Amino acid sequence: MQENVINQSKDITILEILDRVLNKGVVITGDIVISVADIDLVYVGLKLLLTSVETMREKRLTIVKSNQETK
Amino acid sequence: MGGELIYVYCISDSPLRLDHVSEQESLKCLMLQGFYAIVKQVSPDEFSEENLKKNFADLPWIEIHARDHIRIIGEVMKNSTVIPFKFGTIFNSEESLGEFIQNYSGSLTENLKNIKGKEEWSVKIYCNRTLLNQQIVEISEDVRTLEQEILESMPGKAFLLKRKKVELIEKEVEKIMQICGQSCYDELVALSELTQINNLLPKELSERTDNMILNVSCFVNQGRVNELLSAIGELQKKYKNVGFDMAVAGPWPPFSFISIKEK
């Protein structure tokens with residue numbers, strides 16, 4: 001039963017991964033530092049990318065619908 | 001040519017094995033100041049401050065490297081307690097990493113002690129509000145009572161009561177989500193050493209149609225992980241009728257339960 005509950009890493013979205021590897025309170029910084037602003041940009045990029053995928057999906061649906069209606 | 005840089009994945013106070021890590025050819029375990037670090041030599045062409053910044057604007061690049069970061073730490077973690085480093089933590093040289101370790105050694109030891117024998121699991125609760133709305137008559141006595149009153153009322157009064165019913169349903173849905181969500185959270189807290197509530201991930205990024213209502217990281221004693229998982233299975237059954245669904249993932253590197261401070 002447990003196997004059903006656990007979803008292993010291949011199913012984990014990139015958002016969830018980034019949320020962990022970038023955004024947590026691990027204060028460690030190396031010699032080379034990525035600023036918070038740069039990290040924020042990653043999220044903006046991710047959002048834009050996924051939103052455009054979503055928009056495309058919606059558009060496709062609309063097209064399918066209108067095709068069906070004209071038939 | 002500025003020489004190679006050191007990309008750090010994780011650190012521990014005991015020797016770390018790499019033999020069971022897949023695609024480990026480029027990785028190595030450094031011993032510095034009594035600590036062991038899993039590192040990779042990387043090129044400034046990709047990881048200098050300027051180039052790293054450029055690459056951070058390249059989502060496919062980030063995805064490959066972030067997934068690799070988690071995978072490698074996860075595989076090392078199977079046999080050892082490790083402090084995971086943030087993705088993209090780069091040092092100029094082994095000496096520089098050694099200095100860092102020396103400065104933070106007290107905190108590193110303290111953190112390793114805190115995370116030993118525990119695992120980080122993420123638990124997310126989603127609610128399908130449409131389903132909950134459909135079930136509300138069965139769940140809420142107040143809604144049932146009001147429905148009965150509507151049936152027994154003259155048309156004018158029934159009209160007003162129907163408007164009241166819309167408001168009442170909304171209120172009841174919120175209340176039930178609150179109560180059931182809290183009850184799930186209380187159970188997670190009881191089974192965990194520590195919990196951390198995380199931001200809700202936006203719906204458009206979650207690839208799901210229902211709404212995330214709770215996002216928790218649980219820090220659990222290894223001996224209680226099975227108990228946690230079966231409790232979640234039970235909660236899932238118990239609250240299915242209110243439209244709840246729960247997603248569990250883990251064990252994660254303990255990113256949420258680490259705090260490194262300079263001595």
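None of these values were measured; they are calculated from a predicted model. So you know, we letter chains A, B, ... as the sequences are listed, proteins then strands, and number each from 1.
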Could you please spell out the steps behind the side chain to side chain contact (heavy atoms under 4.5 Å, CB included) verdict for F255(B) and L22(A)? CA-CA 9 Å; F255(B) 284 105; L22(A) 290 180; over 6 Å; no
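A donor-acceptor pair under 3.5 Å links the side-chain atoms of D31(A) to the main chain of N92(B), judged by distance alone.
In terms of heavy atoms, I32(A) sits closest to F47(B) at CD1-O, 3.5 Å. Smallest separation of non-hydrogen atoms from R67(B) and I14(A): NH2-N, 3.7 Å. Shown here for A66(B) and V21(A), the closest heavy-atom pair between the two residues is CB-CG2, 4.2 Å. Heavy-atom minimum distance, R20(A) versus N198(B): NH2-ND2, 4.1 Å.
Considering NE2 of H69(B) and CD1 of I17(A), their distance stands at 11.0 Å, rounded to 0.5 Å.
Between chain A and the residues S122(B), G74(B), A57(B), the largest count of heavy-atom pairs under 4.5 Å involves S122(B).
Proximity to chain A (any heavy atom under 4.5 Å) is restricted, for S48(B), to the backbone atoms N, CA, C and O.
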